[in-house]
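In what follows, a single structure is set out as structure tokens and then discussed.
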Amino acid sequence: MIELKNVNFGFDEELILENVNISINKGDLIGIIGPNGGGKTTLLKLIMGFLKPRSGKILLLKKEPEEMRHHIGYVPQNSRYDHDFPITVLELVLSPMAKESKWFGRYPAHLKEKACSLLEALGLIDFQNRCFGDLSGGLAQRALIARSLIDDPEILLLDEPTSNIDQKTREGIYEYIYSLKGEKTILMVTHDLNTIIENVEKIFCVEKEVSCLLPKQVCEHFALGLYHTPLRGSHD
Ligand SMILES: Nc1ncnc2c1ncn2[C@@H]1O[C@H](COP(=O)(O)OP(=O)(O)OP(=O)(O)O)[C@@H](O)[C@H]1O
Ligand SMILES: [Mg+2]
């Protein structure tokens, strides 16, 4: 589904990501960990085609990332939004579909139904007419997840979807993400390694280079008291 071969990337001479080789199967749930500035967000932006590799190849279903962008749902890190911007939760969820609305804000009934069912699934239906900017961090994050799913993406990229959120809300968000397993191919940047370890197919540790670990290998690291961030593949 997603293939990176010998990918190098840097904003200037210095490489931010070096010789990245990864392969992700359809329906996989991948956890991405690594230190601040390690290149996690950059990796997601390369997969979306917003950044171009200096060398190497990125293919999504054997196509160039730009061609596949409309198959990708994205929840950005620390989503910046204007708290005074007058948009309701329902409008926010529908906003990626603006191209389908005849007049701004008038969406076809089937899209409204879809948005409502996503809001229902994420426990937000009672907030649909609230101003998005008034929501607490956890509710806002759930609204952004609903928004990322409105166009039925095959691939879902989540960049720290639960940062700055209380434990209980965080668990609810993870449960929802796990419920999409198999149906979507999911890459999720997170610092909650021990929370997600049971539910992911692979863990990518991003610190300029990307090493791939199976949950079993991560548990062995824990058992041996070798935990450090990022965990490195046994080949290192
Ligand atoms: N637009 C940019 N121009 C120049 N350098 C950038 C740009 N965006 C990111 N960087 C640098 O690239 C490196 C990787 O950044 P990136 O945001 O991918 O890290 P990250 O792993 O997502 O970190 P965090 O855990 O803090 O989110 C950092 O050193 C960062 O300063
Ligand atoms: Mg980041």
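Hydrogens, waters and symmetry mates are skipped; everything else that's a heavy atom, side chains included, is used. For clarity, every value in this text was computed on a predicted model and none was experimentally measured.
The shortest heavy-atom contact between Ile47 and Ile58 is CA-CG2, 4.5 Å. Taking each heavy atom of Val20 and Lys208 in turn, the nearest pair found is CG2-O, 4.4 Å. Nearest heavy-atom pair across Pro215 and Ile197 is CB-O, 3.6 Å. Glu14 approaches Arg54 most closely through the heavy-atom pair O-NH2, 4.4 Å. Between Gly137 and Ile165, the shortest heavy-atom distance links the atoms O-CD1, 4.1 Å. Among all heavy-atom pairs drawn from Leu46 and Leu17, the shortest one is CD1-CD1, 3.6 Å.
Counting only distance, with no hydrogens or angles, the side chain of Lys184 and the backbone of Leu149 share no donor-acceptor pair below 3.5 Å. Using a distance-only test at 3.5 Å, with no hydrogens or angles considered, no donor-acceptor pair links the side chain of Glu18 to the main chain of Glu209. Counting only distance, with no hydrogens or angles, the side chain of Asn19 and the backbone of Asn6 share no donor-acceptor pair below 3.5 Å. A distance-only check finds no donor-acceptor pair linking the side chain of Asp28 to the backbone of Ile30 [under 3.5 Å]. When atom types are taken as modelled, the side chain of Lys40 and the backbone of Pro35 share a donor-acceptor pair closer than 3.5 angstrom.
In this structure, Lys52 places its NZ atom where more than 12 heavy-atom neighbours from other residues, nucleotides or ligands lie under 6.0 Å away. The 12-atom threshold is exceeded at NZ of Lys202, counting heavy atoms of other residues, nucleotides or ligands nearer than 6.0 Å. Heavy atoms of other residues, nucleotides or ligands lying less than 6.0 angstrom from NZ of Lys5 number 12 at most.
Counting heavy atoms from C-beta on, the side chains of Asp134 and Arg130 never come closer than 4.5 Å. Residues Asp151 and Pro96 fail the side-chain proximity criterion, which asks for heavy atoms closer than 4.5 Å. In this structure, Thr41 and Glu160 have side chains that are not in contact, with every pair of non-hydrogen atoms separated by 4.5 Å or more. Side-chain contact check for Pro76 versus Asp159: every heavy-atom pair is 4.5 Å or farther apart. In this structure the side chain of Arg142 reaches within 4.5 angstrom of the side chain of Ile173, judged on heavy atoms. Between Val189 and Gln77, the closest side-chain pair of non-hydrogen atoms is not below 4.5 Å. When side chains are defined from C-beta on, Leu92 counts as touching Leu144, because their heavy atoms get closer than 4.5 Å. Between Leu90 and Cys116 the shortest side-chain heavy-atom distance falls below 4.5 Å.
Tyr174 and Tyr178 have parallel rings, their planes meeting at less than 30° on a 0 to 90° scale where 60° marks the start of perpendicular.
Shown are Thr195, Asp192, Thr190; of these, the side-chain hydrogen bond (donor to acceptor under 3.5 Å, both in side chains) with Arg170 is made only by Asp192.
A salt bridge between Arg69 and Glu64 is absent, with no side-chain N of the basic residue lying under 4.0 Å from a carboxylate O of the acidic one.
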task: Test side chain to side chain donor-acceptor pair (under 3.5 Å) on Thr88 and Asn129 and set out the steps.
output: CA-CA 5 Å; Thr88 67; Asn129 295 317; 5.0 Å; no
